[in-house]
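Worksheet: the structure to be examined is printed underneath.
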Protein chains: 2
Amino acid sequence: MDVVNIFLTSELGESLEDFVHDQRRFTFDRLGPEGPRRLVEGPMWAFVDWVMPELAGLEMCRRLRADTRTADAHVTMVLEEDDPEDRRRALRAGADDYVIGPLTRTAVLDRVLALQSRGVERQATRRFELGALTIDMAALQARWNEQPIVLRPNEFRLLRFLAENPNRVLTREDLINGLGKREPPIDERTVDVWIGRLRRAIKAAGGGNPLRTVRSLGYVFDLS
Amino acid sequence: MDVVNIFLTSELGESLEDFVHDQRRFTFDRLGPEGPRRLVEGPMWAFVDWVMPELAGLEMCRRLRADTRTADAHVTMVLEEDDPEDRRRALRAGADDYVIGPLTRTAVLDRVLALQSRGVERQATRRFELGALTIDMAALQARWNEQPIVLRPNEFRLLRFLAENPNRVLTREDLINGLGKREPPIDERTVDVWIGRLRRAIKAAGGGNPLRTVRSLGYVFDLS
DNA sequence: CAATCCAGTCACAAACGCGTCACACCCTTG
DNA sequence: CAAGGGTGTGACGCGTTTGTGACTGGATTG
């Protein structure tokens, strides 16, 4: 059984260490602005307080996601009261779920054990942040400045592939292959339609146009 | 450390009280048809005899689960002999495990201590709150804003699994595996029917639709 | 300036994916 | 053993998605 690594922004860690000391199935680490103090392997859970001494919880959340060491962590946001708006903000910042505080020892363990025992394999939760654009691979959702972009499956795949290769001209052939379309062979001109649809979707979410056309070659995802 | 409350349907309690009297970590209570005599806090263990003077053990078991005061209790059924059929019946009635009788003082304490140190797991998966939705593992009941949702066993498991993995797309395969259905292999399209039935049940309880379809991929439990 | 080339867009038909229903087969209960 | 509820499955229908051809206008080239 893997060791479960639990990160907390509050002082609860030491108390928990006593509580489950004999089990040797958990490690606890205080989570500061610079992230976890040690590098760890195995599943990670982070409990982030809404208000923190040095850093806002939402910002902490974003940092965890941006940090490759902790991008896979399951992040639970600890809210002080049940404000729907806060909940949404937490989730948008990258939290996986939330609890209404204050955080107790049992709440932590309940949560971790419950999710761990039944949870699906936590695939690398890649989360791209490219300027105003955010792509959440777990929820399969894209946003422009927190505003959700309504995408059809193919459009999402296209955006993802483009975002994975920013600042690089991708030919129509690249894109067709990148989306894994082999059978039946796709007409290259179809890519133009894909791009058009994707642009329209981003625009509908109030976004700009990060997709630049490179005449006679292909398209670039412009990061600037 | 919390006090552990032990309920017994047999007379063993007084004997135990002497046995561990000095430790002050346990309370003992005789369990009659009307449930425990006093209200308690903290972890609860109940040992229910298969045959009881006034009430069948199975019925006792069900009552414990139905009673909100004891829904969280860890229920151990005391069987007289090792009948596989009885074991299954006990578990179905809501027991967490069983011992083959007769029950002795040491058996009780061994059991409680063993389970308690092995993990808080028993308590862990007991209760869940996600926005308007409450899932009570012990009572096997879900509610939407206090309004009970009438669920069949499979629907309950589905809801539980979805709720344990919020905000992430679960493929039909994930869901089938998550419910532990390997044999016989389940048709993926069947999941659609599960979802449909679950949605209808939630709606019938006046709930919204937290289950979002992600076309060509799967479903998400939307927490927001 | 004319001839090309190329990309953006539209409309449409085919394919696809999902929700739902009815039915058959359990397994349980009395 | 009969009755009833829970569950998996095939089938049907509808809405959505998607690839394509055609048209248009702007850019490029000689």
Side-chain angles (χ1 to χ4, degrees), chain A residues 140 149-159 161-162 169-204 209-220 222, chain B residues 56 58-59 62 84-94 140 142 149-159 161-162 169-173 175-204 209-220:
Chain A
L140 293 176
I149 305 174
V150 185
L151 293 175
R152 287 171 280 207
N154 204 49
E155 288 156 21
F156 187 86
R157 265 174 284 165
L158 178 63
L159 177 58
F161 186 70
L162 283 159
V169 179
L170 297 170
T171 65
R172 294 179 173 72
E173 194 190 342
D174 290 339
L175 292 170
I176 291 170
N177 292 335
L179 301 207
K181 309 232 181 190
R182 289 258 149 190
E183 290 310 311
I186 298 285
D187 189 319
E188 295 211 339
R189 288 292 273 107
T190 299
V191 175
D192 297 354
V193 182
W194 293 350
I195 296 283
R197 286 169 179 161
L198 179 52
R199 278 176 177 152
R200 197 183 335 163
I202 296 175
K203 197 177 193 176
N209 180 15
L211 276 38
R212 184 163 50 88
T213 306
V214 181
R215 198 181 162 86
S216 81
L217 282 174
Y219 298 90
V220 199
D222 245 338
Chain B
L58 289 178
E59 180 53 29
R62 286 196 200 92
E85 194 46 45
D86 284 353
R87 291 198 309 230
R88 276 179 49 211
R89 263 200 281 263
L91 296 177
R92 248 181 294 147
L140 292 178
I149 305 175
V150 185
L151 293 175
R152 287 171 281 208
N154 201 50
E155 289 155 21
F156 186 84
R157 264 174 286 163
L158 178 63
L159 176 59
F161 186 70
L162 283 160
V169 178
L170 298 173
T171 65
R172 295 179 174 72
E173 195 190 341
L175 293 170
I176 291 171
N177 293 335
L179 301 206
K181 310 230 180 190
R182 283 263 150 190
E183 292 308 313
I186 297 284
D187 189 317
E188 295 211 338
R189 289 293 271 104
T190 299
V191 174
D192 297 353
V193 183
W194 294 350
I195 295 283
R197 287 169 178 162
L198 179 52
R199 277 177 177 150
R200 198 182 334 165
I202 295 176
K203 197 174 188 181
N209 181 15
L211 276 39
R212 181 165 52 92
T213 305
V214 181
R215 199 184 163 86
S216 82
L217 285 171
Y219 298 89
V220 199

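To find a chain, count down the sequence lines: A is the first, B the second, and so on, and within it residues start at 1.
- Rounded to an integer number of Å, the gap from B/Glu188 CD to D/dT9 P is 11 Å.
- Heavy-atom minimum distance, A/Leu198 versus A/Leu151: CD1-CD2, 3.6 Å.
- A/Ile186 comes within contact range of the sugar-phosphate backbone alone, with a heavy-atom separation under 4.0 Å but no base atom that close.
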Per-nucleotide protein contact along nucleotides 10-16 of chain D, 5' to 3', at a 4.0 Å heavy-atom cut-off (B base, S sugar-phosphate only, - neither), is S----BB
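- Defined by atom type and a distance below 3.5 Å, a donor-acceptor pair is present between the side-chain atoms of A/Arg199 and A/Thr213.
- In this model, the phosphate group of D/dT17 is not approached by any side-chain N or O of B/Ser216 to a distance below 4.0 Å at OP1 or OP2.
- Residue A/Arg199 is classed as a sugar-phosphate contact, given heavy-atom separations below 4.0 Å to backbone atoms only.
- What separates CH2 of A/Trp194 from P of D/dT17 is a distance of 16 Å, to the nearest Å.
- Spacing between atom NZ of B/Lys203 and atom C1' of C/dT20 amounts to 13 Å, rounded to whole angstrom units.
- For the pair B/Glu155 CD and D/dG5 P, the computed distance is 14 Å after rounding to whole Å.
- If you check distances only, the side chain of B/Arg172 never reaches the base of C/dG17 with a donor-acceptor pair under 3.5 Å.
- Residue A/Tyr219 is the one, among B/Val214 and A/Tyr219, whose nearest nucleotide of DNA chain C lies closer to the 5' end (criterion: closest heavy atom).
- A/Leu211 places its CG atom 14 Å from the C1' atom of C/dA7, with the value rounded to the nearest Å.
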Yes or no on side-chain contact (heavy atoms from CB on, under 4.5 Å) for A/Arg197 and A/Val193, after CA distance, side-chain angles and deciding distance? CA-CA 6 Å; A/Arg197 286 169 179 161; A/Val193 182; 3.5 Å; yes
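- Looking at A/Asp174 and A/Tyr219, their side chains never bring a donor and an acceptor atom within 3.5 Å of each other.
- The shortest heavy-atom contact between A/Val220 and A/Val169 is CG2-CG2, 3.7 Å.
- Using a 4.0 Å heavy-atom distance criterion, A/Thr190 is classed as a base contact.
- Between the CZ atom of A/Arg200 and the CD atom of A/Glu155 there is a distance of 8.5 Å, given to the nearest 0.5 Å.
- Rounded to whole Å, the distance from CZ on A/Phe156 to C1' on D/dT17 is 17 Å.
- To the nearest angstrom, P of D/dT7 lies 13 Å from CZ of B/Arg200.
- In this structure, A/Ile195 atom CD1 and D/dT20 atom C1' are separated by 17 Å, rounded to whole Å.
- Annotation: the span from A/Leu175 atom CG to A/Arg172 atom CZ amounts to 8.5 Å, rounded to 0.5 Å.
- For the pair A/Lys181 and D/dG19, the criterion of a side-chain N or O lying under 4.0 Å from OP1 or OP2 is met.
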